[in-house]
J.: 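Structure incoming, see below.
Labels below follow one simple rule: chain letters A, B, ... track the order of the sequence lines, proteins then strands, and each chain is numbered from 1.
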2 protein chains.
Amino acid sequence: MVRYGKEHKSETRRRIIETAGRRFKQDGIDGSGVSTLMKDAGLTNGAFYAHFASKDDLVTTAIADQLKVQAESVVALAEPGRAGLEQIVRGYLSPQHRERLGDGCPNAALLDEIGRCTETTRQAYTDGVLILVEGIAARMAPEAPSSARVKALSLLGMMAGTLQLSRALTDSRLADELLDQGVDNALALLDAWQRV
Amino acid sequence: MVRYGKEHKSETRRRIIETAGRRFKQDGIDGSGVSTLMKDAGLTNGAFYAHFASKDDLVTTAIADQLKVQAESVVALAEPGRAGLEQIVRGYLSPQHRERLGDGCPNAALLDEIGRCTETTRQAYTDGVLILVEGIAARMAPEAPSSARVKALSLLGMMAGTLQLSRALTDSRLADELLDQGVDNALALLDAWQRV
DNA sequence: CTCTTTGGATTACGTTTGCAATACCATAGA
DNA sequence: TCTATGGTATTGCAAACGTAATCCAAAGAG
């Protein structure tokens, strides 16, 4: 039944991290228990502690992983230059992204909870988000990405907040209009930054 | 010791709602237990269910209340016209607001958790946020506030996301720069909307 | 003025769930 | 065959939600 390969443990660990990432985004960090999470990953409660020191340890790891994956998919997916930026914005502020909580952006799903996390977790988040933002900034100002860093960060914050709000509203027409407005806002700002 | 006046119960209810509002914003909805919350309000566990049918009932009520209070304070505080808008934006995206979680904006503190709440709660949220947004829209376009509604909503989403992000970062200098950038963004958009 | 009713709160409890830990078992590979 | 490793099963303990029995002060009737 169980096969113990050389890299079995690291694979299991990976599976836990990915499962946790999805679950956290779907049900929230406080809303996800360790045992439920392990069952999701096809394991039992106790096995968890062979891989992580605590739930907090997993939270830190999972958040870092989510951001890394997002950074990679952003880099991989988008075309270079302004076209890629527009693509990112439109994809982010789309009804599809809004609906797919578990596969979506960890920022939009967890940002306010992350703000209440431990220093360690927030540090990991900060590191992760900076990598992600670097990817966006490089597209905004290839010649001077560092100056674009804060702008890219603000763009991420805007988009995450807009998506969250769109998720919270029960009026789906209004929620869609909000996304459209969000796209307009983001593109307008990108243009304004370009001109300076 | 205990004095049972005519309006004692409604006062107690009020106190629970206000305490809950603060606690939810500080520790999250899932992060706040009923008994802890009641102790905060100077009561015990069991008394809760004389006032609310369930925790969810309280959550719904508290969120609606928080938004109402915010709408009133926004309307009361700010000057009319563009000056008032700028005042709102600068106050919102300020280090002080970032630091005072319990007294701050419920959107910034709870938005992603609200998105995971029950339909009923989200409906109450939607109603509440629309009142708040109406107040902002009235300042943006006094002649046609309804057309400004979505713009005002998007402004709120932007600001909430930016504040959340600023709270999550461990690098406080970067967090401050982000707030400044957020102010620039918001004001730029307000100007752009004005011109159209 | 006393006795009863009423309503708000307390205490205590039951159930469930979550975190954490540990004793034990099965397999892979030396 | 023996041992390290990875996983299961089980347990302890605390917290959370919710219910119910009880208590106590105020208010009103006779």
J.: Which heavy atom of A/L58 sits nearest a heavy atom of A/F48, and at what distance?
T.: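 For A/L58 versus A/F48, the nearest heavy atoms are CD2-CE1, 3.5 Å.
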J.: Roughly how many Å is it from NZ in A/K55 to P in C/dT17, rounded to a whole number?
T.: 15 Å
J.: Which of the following nucleotides, C/dT10, C/dC19, D/dC17, is nearest to the side chain of B/A47?
T.: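 Out of C/dT10, C/dC19, D/dC17, the nucleotide with an atom closest to B/A47's side chain is C/dT10.
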J.: What is the distance, to the nearest angstrom, from the OH atom on A/Y49 to the C1' atom on D/dT8?
T.: 15 Å
J.: Tell me: CZ of A/F48 to C1' of D/dG6, nearest whole Å?
T.: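 To the nearest whole Å, that distance equals 16 Å.
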J.: Report the distance from atom CG of A/D27 to atom P of C/dT17, rounded to the nearest whole Å.
T.: 14 Å
J.: Please check if the side chain of B/S166 supplies one atom and the backbone of B/A175 the other of a donor-acceptor pair under 3.5 Å.
T.: yes
J.: Are the charged groups of A/D191 and A/R195 less than 4.0 angstrom apart, N to O?
T.: no
J.: Looking only at the side chain of A/N45 (C-beta and beyond, no hydrogens), which of the listed nucleotides D/dT10, C/dA9, D/dG7 gets closest?
T.: D/dT10
J.: Would you classify B/G33 as touching base, sugar-phosphate or nothing, given that sugar-phosphate means primed atoms plus P, OP1 and OP2, and contacts are heavy atoms under 4.0 Å?
T.: sugar-phosphate
J.: Think B/T12 has a side-chain N or O under 4.0 angstrom from the OP1 or OP2 of C/dA9?
T.: yes
J.: Considering only heavy atoms, which members of residues 35-44 of chain B lie under 4.0 Å from some atom of DNA chain D?
T.: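 Close to the strand are B/S35, B/T36.
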J.: To the nearest angstrom, how far is A/F52 atom CZ from D/dG7 atom P?
T.: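 Taking atom P of D/dG7 as the reference, CZ of A/F52 is at 12 Å.
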J.: Any side-chain N or O of B/H51 under 4.0 Å from OP1/OP2 of C/dA9?
T.: yes
J.: Among all residues two or more places apart in sequence or in another chain, which pass the side-chain hydrogen bond (donor to acceptor under 3.5 Å, both in side chains) test with A/T60?
T.: A/T121
J.: May I have the distance from B/I16 (atom CD1) to C/dT10 (atom C1'), rounded to whole angstrom?
T.: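 Value for this atom pair: 14 Å.
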J.: Any donor-acceptor pair under 3.5 Å linking the side-chain atoms of B/D56 with those of B/T118?
T.: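 B/T118 vs B/D56: donor-acceptor pair found between side chains.
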J.: For A/S32 and A/D27, does a side-chain donor sit closer than 3.5 Å to a side-chain acceptor?
T.: no
J.: To the nearest angstrom, how far is A/D56 atom CG from C/dG18 atom P?
T.: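 After rounding, the reported distance stands at 17 Å.
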J.: Restricting to non-hydrogen atoms, name the atom on A/F24 and the atom on A/I29 that form the minimum distance, rounded to 0.1 Å.
T.: CD2-CA, 3.9 Å
